[in-house]
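Below is one structure, written out as structure tokens; the observations come after it.
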Amino acid sequence: MPLLPTLLLPLMLAAGPLPARADGSSLTTVAERSGFLRTGRYEEVIALCAAFAKAWPQSVRCIDFGTSPEGRPMKALVVSASGALDAASARQRGLPVVLIQGGIHAGEIDGKDAGFLALRELLQGKAGKGTLDKLVWVFVPVFSVDGHERFAAWNRPNQRGPEEMGFRTTAQGYNLNRDYLKADAPEMQAMLKLIDQWDPLVEVDLHVTDGAKFEHDVSIQVEPVHAGDAALREAGRAWRDAVIDDLARQGSLPLPYYPSFTVDDDPSSGFEDGVPPPRFSHGYFWLRNRMGMLVETHSWKTYPVRVQVTRNAVVSVLQQVALHGRQWLQVARQADARARMLAGKPVPLAYAAGPESRTVDFRGYEYTRTLSEVSGALMTRYNEDKPQLWKIPLRDHVQPSLSVAAPAGGYLIPAAHAGWVSEKLRLHGIDFRVLPAQTAVAVQTFRATEATPAAQSSEGHQRMTVKGEWKPDTRDIGAGAVFVPIAQPKSRLLMSILEPLAPDSLLAWGEFNNAFERKEYMEAYVAEDVAREMLKDPAVKASFEQRLKADAAFARDPAARLDFFYRLHSAWDERNNLYPVMRVATVPR
């Protein structure tokens, strides 16, 4: 492993005699003291948060931003040499805010130990001198604090070190990096309140990959690059490329895409880039006109190497924001203004890589693919003693796969759903207001022509896929309905939440499944009498007979034949398959 000599030296030096304060509180981690064989428990985060605030009271504040379901405090360190240690001061001084989170998957805990290492070096002036004068860093060492304390060896069987680590999900079984938009978990709700309070210009999520064995040690993915406001894409690309260049100069082999094979376990299939849906952290922030970065160190590198690479990434991120943050903040605010003007325009809500590909050089290892006597499947086996340059396809021509015209006015949420939906909107910082009763309102409604629930649950939800379109309609609106204007900075985020076809909408997560379940029926003996009476109408009779001729399956199905008449009868539930959110062209009074 050629990276080891370059990357391990600073860590081995750090793991020697360690500084401790006169009062006995250490500013180093269990990871450093163990030579990066182990990582500490969550009590260490609590102690270090207080110790750093005590050591640098003018530059560090230790805060609680939530409480986990098992009763643990969710800790963050607010860091700035400017003295702006609250959100109001940061806004008043025009300082860019950087949110860096570790341990959203608490088995992938590199970010916690790397973040504390970077923090101490920055505060001591050993790295990034002057960086903390020009920004505010909000550092969450461990996001999934209960998951962190489900502590054991082999919680990450595809990962080299540390000896023990936390678990992928929360105590309630949520994968927090699938929860950004739907915000089910109490931990995520606390995080979104922190985000709304600080409005970070950039967010960085520190992870470790799964997957194949190869020489590359880290991938850096940023959005907006393929998606979102055009000017902000340029800033996102500049940020990503600068961090990649910094890492390369320090001996890393960084990638600008996630190295997961297009066909599982088959290196020859290559890779494809894309834009993640907003359940993921770096698929979420571009919808707020802010920038999100996913840092993924490679799980088959040793823990000391991964921590050093993550530390380097953290320092680089902060240095780049110190250099360019005020300029990027201006671009973000201009993007906010442009987002207010999206009414009636097509807005991409999902993206995919096109079929065309290009060949890239990828530093892998020699490998074989043979049938396994254990599983009986074709398996890939790598020889880490023999590096090999792979020439493999990369599909990175990413284009919108779903675009929806934004409503001209906004969305209406009936009173029956206004309470819980408005709570979701409030968590995301989206503006809305409650309406008085109104009659005969011109709206658009969406009725599903097909509604297909998923075969199994995901994150505790039975997801729903629908087909259909918005059509003009007139509806009475009762008191207590909520109007959500499209003319607001988070218009893209709003559409991702409420547009029925969006991949992570509330509908897609199954929150409106009751609307697509048939609740009332007409008994067959009643339907027989109803049908005979309705057949006296020549138009109904002609339509029925035409359906019998044209649709053999319908003709053979007694229940479908009776249902034909029930759907034409006034007893039919008019709300069946009707999405209970409406769009309006004008702003209601």
Side-chain angles (χ1 to χ4, degrees), residues 277 346 349-350 352 355 400-405 407 411-412 414 416-417 440-458 461-476 495 498-583:
L349 296 177
S401 58
L402 170 69
S403 292
V404 176
Y411 296 90
L412 284 178
H417 295 278
V441 177
V443 299
Q444 286 182 320
T445 54
F446 181 98
R447 191 181 299 274
T449 55
E450 293 182 30
T452 308
Q456 62 185 33
S457 69
S458 173
H461 293 257
Q462 185 183 30
R463 286 178 59 86
M464 178 69 70
T465 302
V466 297
K467 294 181 180 179
E469 59 183 329
W470 293 102
K471 293 183 178 180
D473 202 348
T474 302
R475 296 275 164 170
D476 292 342
M495 292 184 69
L498 292 184
E499 277 298 325
L501 301 180
D504 275 341
S505 67
L506 296 177
L507 184 154
W509 276 108
E511 297 282 14
F512 290 101
N513 281 6
N514 269 342
F516 307 105
E517 297 170 0
R518 188 164 161 181
K519 303 295 186 180
E520 190 56 88
Y521 297 84
M522 183 179 284
E523 301 276 7
Y525 70 90
V526 177
E528 286 280 353
D529 292 340
V530 165
R532 285 180 171 79
E533 187 64 28
M534 293 178 74
L535 282 169
K536 294 176 182 178
D537 183 330
V540 172
K541 186 173 187 294
S543 178
F544 180 60
E545 290 175 347
Q546 176 60 33
R547 181 77 182 274
L548 290 173
K549 292 177 183 177
D551 189 340
F554 171 79
R556 292 193 302 268
D557 187 341
R561 290 169 65 149
L562 292 176
D563 200 52
F564 172 90
F565 296 97
Y566 180 29
R567 288 172 181 270
L568 296 175
H569 195 272
S570 60
W572 176 254
D573 180 10
E574 181 274 332
R575 296 185 185 181
N576 183 247
N577 283 342
L578 184 69
Y579 175 44
V581 172
M582 293 164 277
R583 294 166 36 131

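All residue numbers refer to positions in the sequence shown, counting from 1.
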Rounded to the nearest 0.5 angstrom, the CE-CG distance for M582 and L498 is 12.0 Å
Task: Electrostatic pair D563-R518, nearest N-O below 4.0 angstrom - done: yes
Output for pair (L548 CG, R561 CZ), nearest 0.5 Å, gives 5.0 Å
H461 meets the side chain to side chain donor-acceptor pair (under 3.5 Å) criterion, sequence neighbours left out, with D184
Rounded to the nearest 0.5 angstrom, the CG-NZ distance for D473 and K471 is 10.5 Å
Is the number of heavy atoms from other residues, nucleotides or ligands under 6.0 Å of E574 CD greater than 12? yes
The reported gap from OH in Y525 to CG in L562 (rounded to nearest 0.5 angstrom) is 13.0 Å
CD (E450) and CG (N577) are apart, to the nearest 0.5 Å, by 10.5 Å
Check: What do you reckon, is CD of E517 surrounded by more than 12 foreign heavy atoms closer than 6.0 Å?
Finding: yes
Contact check, side chains of R447 and L578, non-hydrogen atoms, under 4.5 Å: yes
In short, A527 meets M522 closest at the heavy-atom pair CA-SD, 3.6 Å
Donor-acceptor pair, distance only, cut-off 3.5 Å: does the side chain of T474 make one with the backbone of A440?
no
Heavy atoms of M464 and A451 approach each other most closely as SD-C, 3.8 Å
All heavy atoms of R463 vs all of P503, minimum pair found to be NH2-O, 2.7 Å
Donor-acceptor pairs are to be reported for all side-chain atoms of residues 506-515 against protein atoms at under 3.5 Å, with residues two or more places apart or in another chain.
residue, atom, partner, partner atom, Å
W509, NE1, D504, OD1, 3.2
N513, ND2, Q462, O, 3.0
N514, OD1, K519, NZ, 3.2

ask   = Does the side chain to side chain contact (heavy atoms under 4.5 Å, CB included) test come out yes or no for L501 and L349, once each step is laid out?
value = CA-CA 9 Å; L501 301 180; L349 296 177; over 6 Å; no
Between Y579 and E499, do the side chains contain a donor N or O and an acceptor N or O under 3.5 Å apart? no
Identify every side-chain donor-acceptor pair in residues 534-546 under 3.5 Å, counting partners at least two apart or on other chains, and give the distances.
residue, atom, partner, partner atom, Å
K536, NZ, E533, OE1, 3.1
D537, OD1, A539, N, 2.9
K541, NZ, E545, OE2, 2.6

dist E469:CD -> F446:CZ (nearest 0.5 Å) comes out at 8.0 Å
On a heavy-atom basis, the closest approach of P414 and P580 is CD-O, 3.0 Å
